[in-house]
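The residues of the chain are indexed from 1 along the displayed sequence.
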Amino acid sequence: RITIVVEDDRLERFCREALMQLGYYRKEIRVRKSPPGKGSGKSWVTQQHVAEVKTLRSRNYQSLAVLIGSDVDELSLKERIAQLEESLRVSNLDERGTDERIAYWLPKWHIETWLMAFNGHEVTEMTDYKNQLSTVNFKNVGAAYVKHYRNRDDLGLPSLANTFAETVRIES
């Protein structure tokens with residue numbers, strides 16, 4: 001089983017579809033999504049990260065995984081990862097181990113950057129593409145993600161290249 005912790009609907013749909021394309025079954029995927037209108041989605045994801053890591057570690061006899069999906073926004077990728085790791089330290093938990101099935105999928109700015117790239121648009125991580133896609137075929141995007149992941153073709157997006165390295169941790 002895998003738990004997805006995400007900020008919003010589009011990120012959740014992307015993560016779910018990509019995981020299914022990687023071989024997870026719908027019934028193996030549990031989603032925890034930031035409640036709308038309840039403050040910062042990024043802060044909520046960071047808090048839930050701690051709770052899910054505790055659960056994962058307390059059930060280490062089971063084959064569990066956690067996928068954290070969070071927009072990097074104006075931060076650097078390193079800064080967002082540092083926030084997640086710091087949340088573990090301040091909760092008196094060990095840092096994420098190299099063999100733990102905890103992955104961080106962190107698109108720069110918003111998931112729309114990746115969605116546009118997988119739909120054939122030239123994008124850069126210097127630009128915010130929020131609200132530039134009206135409809136998305138998530139099944140096609142999930143398949144494109146897996147294709148590029150298998151080929152390690154990062155499309156010139158450092159956050160995507162990082163996500164490919166993170167995906168290795170949770171591949172079923």
Side-chain angles (χ1 to χ4, degrees), residues 1-25 28-35 38-114 125-126 142 145-146 148-172:
R1 287 190 345 236
I2 186 164
T3 299
I4 304 171
V5 180
V6 292
E7 293 181 26
D8 60 42
D9 290 332
R10 277 192 164 178
L11 192 50
E12 180 235 327
R13 291 189 64 203
F14 169 76
C15 292
R16 180 190 304 271
E17 192 58 48
L19 289 173
M20 289 191 308
Q21 296 284 337
L22 283 168
Y24 282 91
Y25 295 102
E28 295 176 309
I29 301 170
R30 177 177 155 243
V31 176
R32 302 208 51 216
K33 184 171 43 177
S34 174
K38 301 286 184 184
S40 166
K42 189 181 301 323
S43 295
W44 184 88
V45 166
T46 301
Q47 291 169 354
Q48 297 311 308
H49 168 247
V50 172
E52 292 301 329
V53 168
K54 284 180 182 176
T55 299
L56 179 90
R57 290 176 178 170
S58 70
R59 297 180 182 169
N60 60 0
Y61 55 91
Q62 295 179 343
S63 181
L64 302 178
V66 175
L67 171 61
I68 303 298
S70 179
D71 298 332
V72 174
D73 294 327
E74 71 285 343
L75 300 172
S76 72
L77 186 58
K78 283 185 174 187
E79 288 170 325
R80 183 62 181 128
I81 291 170
Q83 284 180 341
L84 292 166
E85 295 295 333
E86 179 66 14
S87 71
L88 297 176
R89 282 190 291 280
V90 300
S91 299
N92 296 315
L93 295 173
D94 291 334
E95 289 184 14
R96 178 176 67 141
T98 56
D99 62 336
E100 287 188 291
R101 297 185 71 213
I102 303 166
Y104 300 152
W105 287 10
L106 308 171
K108 179 62 180 163
W109 290 109
H110 309 284
I111 188 61
E112 282 79 5
T113 305
W114 294 353
E125 291 190 343
M126 304 302 288
Y145 174 82
V146 171
H148 289 290
Y149 163 67
R150 299 268 188 247
N151 295 330
R152 295 302 195 270
D153 177 16
D154 65 17
L155 303 174
L157 303 171
S159 66
L160 188 58
N162 184 73
T163 297
F164 293 159
E166 293 283 326
T167 301
V168 172
R169 293 172 161 271
I170 58 165
E171 215 174 353
S172 58

So that I can tick it off, tell me whether D9 and K33 are bridged by a salt bridge, with the cut-off set at under 4.0 angstrom between side-chain N and carboxylate O.
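Yes, charged N to carboxylate O under 4.0 Å.
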Looking at every heavy atom in both [X] and [Y], which two are closest together, and how far apart are they?
| X | Y | result |
| --- | --- | --- |
| D154 | L160 | O-CD2, 3.6 Å |
| S34 | G41 | OG-CA, 3.5 Å |
| E166 | W105 | CB-CD1, 4.3 Å |
| L11 | P107 | CD1-CG, 4.3 Å |
| S87 | V90 | O-CG2, 3.5 Å |
| Y24 | A65 | OH-CB, 4.2 Å |

Any chance you could measure [X], atom [atom1], to [Y], atom [atom2], to the nearest 0.5 Å?
| X | Y | atom1 | atom2 | answer |
| --- | --- | --- | --- | --- |
| L88 | K54 | CG | NZ | 9.5 Å |
| I68 | I81 | CD1 | CD1 | 12.0 Å |
| I102 | L67 | CD1 | CG | 11.0 Å |
| N162 | L157 | CG | CG | 12.0 Å |
| L19 | I2 | CG | CD1 | 4.5 Å |
| I4 | R32 | CD1 | CZ | 12.5 Å |

Given side chain to side chain contact (heavy atoms under 4.5 Å, CB included), test T163 with T167 step by step and report yes or no.
CA-CA 6 Å; T163 297; T167 301; 4.0 Å; yes
For [X] and [Y], test the side chains for any donor-to-acceptor distance below 3.5 angstrom and give the result as yes or no.
| X | Y | value |
| --- | --- | --- |
| Q83 | E79 | no |
| S159 | W114 | yes |
| R80 | T46 | yes |

So, E7 side chain and D71 main chain: donor-acceptor pair closer than 3.5 Å or not?
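Indeed, once roles are kept as given, a pair shorter than 3.5 Å links the two residues.
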Under 3.5 Å, is there a donor-acceptor pair between the side chain of T113 and the main chain of E125?
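A pair under 3.5 Å: no.
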Do other residues, nucleotides or ligands put more than 12 heavy atoms under 6.0 Å from R1 CZ?
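Count not over threshold, so no.
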Please tell me if the side chains of [X] and [Y] come closer than 4.5 Å, counting only heavy atoms from C-beta onward.
| X | Y | value |
| --- | --- | --- |
| D153 | F164 | no |
| V31 | C15 | no |
| R96 | R169 | yes |
| R101 | S63 | yes |

Verdict with supporting geometry, V66 and V53, side chain to side chain contact (heavy atoms under 4.5 Å, CB included):
CA-CA 7 Å; V66 175; V53 168; 5.6 Å; no
Test side chain to side chain contact (heavy atoms under 4.5 Å, CB included) applied to I170 and L22, step by step:
CA-CA 10 Å; I170 58 165; L22 283 168; 5.5 Å; no
Set of residues satisfying side-chain hydrogen bond (donor to acceptor under 3.5 Å, both in side chains) with respect to [X], sequence neighbours excluded:
| X | value |
| --- | --- |
| R57 | E100 |
| R16 | E12 |
| Y104 | H49, E85 |

Is the NZ or CZ atom of R152 both under 6.0 Å from the centre of the six-membered ring of Y149 and within 45° of that ring's axis?
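The answer is yes, since R152 meets both limits relative to Y149.
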Please work out which of the three classes, parallel, tilted or perpendicular, describes the rings of F14 and Y145, given edges at 30° and 60°.
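Aromatic pair Y145/F14 classed perpendicular.
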